J.: 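Pasting in a structure now, in structure tokens, and then I'll have a few things to ask.
Source: prediction; values computed, not measured.
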Amino acid sequence: MGSLLNPYLSFDGHARQAMEFYKEVFGGELRLNTFGDAGQPGAEGSDKIMHGMLTTTNGFTLMGADTPPGMEYAAGNNFAVSISGEDESSLRRYWERLSDGGSVSVPLEKQMWGDVFGMCTDRFGVPWMVNINQREG
């Protein structure tokens with residue numbers, strides 16, 4: 001699989017409803033994972049969406065999630081551009097270039113779900129998420 005570039009939307013507690021709405025609009029397959037699914041069952045907000053992904057037959061990919069506890073939701077600033085895939089060397093190169101001269105909010109490193117992930121804002125104020133999918137096996 002090649003790398004994927006797509007919008008990633010943030011919501012203030014209503015990601016499930018929004019992503020289900022977008023599925024009604026565009027069709028396709030919707031996968032939703034909660035914070036509880038990611039190892040935080042029973043915690044406050046464990047039923048909220050940690051990651052949602054809609055993939056349509058027209059080739060659209062839309063991702064979204066609820067703003068994690070402790071992070072501020074800001075309407076109008078509730079998006080990022082996501083780059084994900086398995087080509088680790090290319091994705092690390094993109095990360096280095098995008099974060100150069102910008103600010104890093106989450107360092108590019110292994111996360112609790114098993115992938116290598118980071119978040120930065122480039123020098124032009126555009127927020128980016130880079131996820132390097134780790135192959136199982």
J.: So, for G52 and Y8, which heavy atoms are closest and what is the spacing to 0.1 Å?
T.: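 Smallest heavy-atom distance, with atoms named: N-OH, 4.4 Å.
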J.: Is the backbone N or O of F11 less than 3.5 Å from a side-chain atom of T67, with the two atoms forming a donor-acceptor pair by type?
T.: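 Present.
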J.: When you group the ILVMFWY residues by side-chain heavy-atom contacts below 4.5 Å and let the links chain together, are L9 and V81 in the same group?
T.: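 As far as the 4.5 Å side-chain criterion goes, L9 and V81 are not connected within one cluster.
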J.: Atom CG in N131, atom NE2 in H51: separation rounded to 0.5 Å?
T.: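 Nearest 0.5 Å value for the CG-NE2 distance: 7.5 Å.
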J.: For I83 and S3, work out which heavy atoms get closest and say how close.
T.: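 Here I83 and S3 meet closest at CG2-CB, 4.5 Å.
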J.: When you look at M63 and S84, which way does the side-chain contact (heavy atoms from CB on, under 4.5 Å) test go after all the steps?
T.: CA-CA 11 Å; M63 295 181 186; S84 57; 4.1 Å; yes
J.: Around R93, counting heavy atoms of other residues, nucleotides and ligands shown, do more than 12 lie under 6.0 Å from its CZ?
T.: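 More than 12 heavy atoms, drawn from other residues, nucleotides or ligands, come within 6.0 Å of this atom.
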J.: Should the pair F26 and F60 be assigned to parallel (<30°), tilted (30 to 60°) or perpendicular (>60°) ring geometry?
T.: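 Geometry flag for F60 against F26: perpendicular rings.
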J.: Do D115 side-chain atoms and Q134 backbone N/O form a donor-acceptor pair below 3.5 Å?
T.: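 Yes.
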J.: Taking D100 for the side chain and R97 for the main chain, is one N or O donor matched with an acceptor at less than 3.5 Å?
T.: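 Absent.
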J.: If you measure from CG on L108 to CD1 on I132, what distance do you get to the nearest 0.5 Å?
T.: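 If I round to the nearest 0.5 Å, the distance is 5.0 Å.
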J.: List the atom of D37, the atom of L32, and the distance in Å for their closest heavy-atom pair.
T.: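 Residues D37 and L32, closest heavy atoms: OD2-O, 4.3 Å.
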J.: Taking only Lys NZ, Arg NE, NH1 and NH2, and the carboxylate oxygens of Asp or Glu, determine whether D66 and R16 approach each other closer than 4.0 Å.
T.: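 No salt bridge links D66 with R16.
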J.: If we count only N and O atoms by modelled type, under 3.5 Å, do the side chains of R92 and S89 hold a donor and an acceptor together?
T.: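 Side-chain D/A pair, R92 to S89: absent.
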J.: Under 4.5 Å between side-chain heavy atoms, hopping through other hydrophobics if needed: is there a path connecting L4 to M129?
T.: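 Yes, because L4 and M129 connect within a single hydrophobic cluster, where side-chain heavy atoms sit under 4.5 Å apart.
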J.: Identify whether W95 and W128 are in the same connected component of the hydrophobic contact network (ILVMFWY, side-chain heavy atoms under 4.5 Å).
T.: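 Per the 4.5 Å side-chain linkage, W95 and W128 are co-clustered.
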J.: Between G28 and K23, which heavy-atom pair has the shortest distance, and what is it?
T.: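 Closest pair (atom of G28, atom of K23, distance): O-CE, 3.1 Å.
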J.: Do E88 side-chain atoms and E86 backbone N/O form a donor-acceptor pair below 3.5 Å?
T.: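 No: the side chain of E88 does not pair with the backbone of E86.
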J.: Identify the two heavy atoms, one from G64 and one from I49, that lie closest to each other, and give their separation to 0.1 Å.
T.: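 Heavy-atom minimum between the residues: O-CG2, 4.1 Å.
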J.: Report yes if some heavy atom in the side chain of N33 is under 4.5 Å from a heavy atom in the side chain of M53; otherwise report no.
T.: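 Side chain of N33 against side chain of M53, heavy atoms only: no contact under 4.5 Å found.
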J.: Quick one: does any side-chain atom of S99 pair with a main-chain N or O of G102 as donor and acceptor, under 3.5 Å?
T.: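 Not a single qualifying donor-acceptor pair exists.
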J.: Please indicate whether Y73 has more than 12 foreign heavy atoms, meaning atoms of other residues, nucleotides or ligands, lying under 6.0 Å from its OH.
T.: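 Yes, enclosed.
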J.: If hydrophobic clusters are built from ILVMFWY residues whose side chains come within less than 4.5 Å, do M19 and F79 share one?
T.: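 Hydrophobic grouping puts M19 with F79.
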J.: Does CD belonging to E72 count more than 12 external heavy atoms closer than 6.0 Å?
T.: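 For E72, atom CD is not crowded (no more than 12 foreign heavy atoms under 6.0 Å).
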J.: Are V116 and V130 linked, directly or through intermediate hydrophobic residues, by side-chain heavy-atom contacts shorter than 4.5 Å (ILVMFWY only)?
T.: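 Same cluster.
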J.: Is Y22 close to T56 at the side-chain level, that is, under 4.5 Å between some pair of heavy atoms?
T.: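 No - every pair of side-chain heavy atoms lies 4.5 Å or more apart.
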J.: Rounded at 0.5 Å granularity, tell me how far CD in E29 sits from OG1 in T61.
T.: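 Nearest 0.5 Å value for the CD-OG1 distance: 10.5 Å.
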J.: Could you give the distance from OG1 (T121) to CE (M119), rounded to the nearest 0.5 Å?
T.: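 Reported value, rounded in 0.5 Å steps: 7.5 Å.
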J.: What distance do F117 atom CZ and K110 atom NZ have between them, rounded to the nearest 0.5 Å?
T.: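 Answer rounded to 0.5 Å: 14.5 Å.
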